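Structure record follows, encoded as structure tokens.
Note that the structure is a prediction, hence the values are computed from the model and not measured.
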Amino acid sequence: MVVGAFPMAKLLYLGIRQVSKPLANRIKEAARRSEFFKTYICLPPAQLYHWVEMRAKMRLMGFNAETIKPLNEEAAAELGAELLGEATIFVVACGCLVLEYSRQKMQQRRKEGEQLAAWDAMRDEVDHLALVLEALQVQVQAAPPPGALEELQVQMREVRTQLCIQDLPPAPQAEPTPEDEGPPDPGLGQD
């Protein structure tokens, strides 16, 4: 199932917002309770945001606003806490994106490394097979041609037949059996 990038991005943004919301709420509470936090952390960005916003609105409406009245302290503290909360959510979302980007890059580098290793292994195997092929070609070239091999086989058969004829013992003669010899000669064998 393929899901479009936009709905996934929206879902991711909502998830990050929900996770970051408790952190933003704590920052808002700290801004309301702590005078230092409110004075030095929340008020300056709120007043700057108010000044830029009012100046932009006045220019869009065609007025030339030379002086802009600053927000009262309570409204500025509330706006500053909101800005800080939103900035926290934004920073967390950017951090998640950076982490995901680095994870993807690392995964891509790992895959490229595996591919390079596979290519190197294939190249080594091809080199090895080329060496084996060369050795086999040398053996084939050194081997006698098929006609010469058949001639050698014929010569071997002739030599074997000649050896077999020469090595055959004379036909054995049958030994006389006592029945064929007849009665023994009494004079034989006695000296």
Query raised in the report: Out of Arg157, Glu151, Gln155, which residue meets the side chain to side chain contact (heavy atoms under 4.5 Å, CB included) rule with Gln153?
Result: Arg157
Going from [atom1] on [X] to [atom2] on [Y], what distance comes out if it is rounded to the nearest 0.5 angstrom?
| X | Y | atom1 | atom2 | answer |
| --- | --- | --- | --- | --- |
| Gln139 | Glu134 | CD | CD | 12.5 Å |
| Cys96 | Arg103 | SG | CZ | 12.0 Å |
| Arg109 | Leu116 | CZ | CG | 13.5 Å |
| Ile68 | Glu53 | CD1 | CD | 10.0 Å |
| Leu131 | His128 | CG | NE2 | 7.5 Å |

Query raised in the report: Could you walk me through whether Glu125 and Leu129 pass the side chain to side chain contact (heavy atoms under 4.5 Å, CB included) check?
Result: CA-CA 6 Å; Glu125 184 67 24; Leu129 290 175; 4.0 Å; yes
Heavy atoms only: give me the nearest [X]-[Y] pair and the separation to one decimal.
| X | Y | result |
| --- | --- | --- |
| Tyr49 | Leu79 | CD2-CD2, 3.7 Å |
| Glu35 | Glu73 | OE2-OE2, 3.8 Å |
| Gly80 | Ala46 | N-CB, 3.4 Å |
| Ala77 | Leu43 | N-CD2, 3.5 Å |
| Leu83 | Pro45 | CD1-O, 3.8 Å |

List the residues meeting side chain to side chain donor-acceptor pair (under 3.5 Å) with [X], not counting sequence neighbours, and say none if there are none.
| X | value |
| --- | --- |
| Glu86 | Arg17 |
| Glu78 | Arg32 |
| Asp120 | Arg123 |

Report summary line: Contacts of Phe36 meeting ring-ring contact (aromatic ring centres under 6.0 Å, His included) (sequence neighbours excluded), chain-then-number -> Tyr40
If you draw a 6.0 Å radius around [atom1] in [X], do more than 12 non-hydrogen atoms from other residues or ligands fall strictly inside?
| X | atom1 | value |
| --- | --- | --- |
| Arg55 | CZ | yes |
| Met156 | CE | no |
| Glu74 | CD | no |

Requested in this report: Check whether any side-chain heavy atom of Phe37 sits under 4.5 Å from a side-chain heavy atom of Leu84, and report yes or no.
Outcome: yes
Query - Residues that, via side-chain heavy atoms closer than 4.5 angstrom, fall in one hydrophobic cluster with Val132 - result: Leu136
Query raised in the report: When you check the side-chain N and O atoms of Gln104 and Glu100, is any donor under 3.5 Å from an acceptor?
Result: yes
Report task. Identify, with sequence neighbours excluded, every residue that meets salt bridge (charged side-chain N to carboxylate O under 4.0 Å, His left out) alongside Arg110. Result -> Glu114
Query - Any donor-acceptor N/O pair, Gln47 side chain to Leu71 backbone, under 3.5 Å - result: yes
Query raised in the report: Under 4.5 Å between side-chain heavy atoms, hopping through other hydrophobics if needed: is there a path connecting Met54 to Val52?
Result: yes
Report task. Answer yes if Phe90 and Leu97 sit in the same cluster of Ile, Leu, Val, Met, Phe, Trp and Tyr residues linked by side chain heavy atoms under 4.5 Å apart, and no otherwise. Result -> no
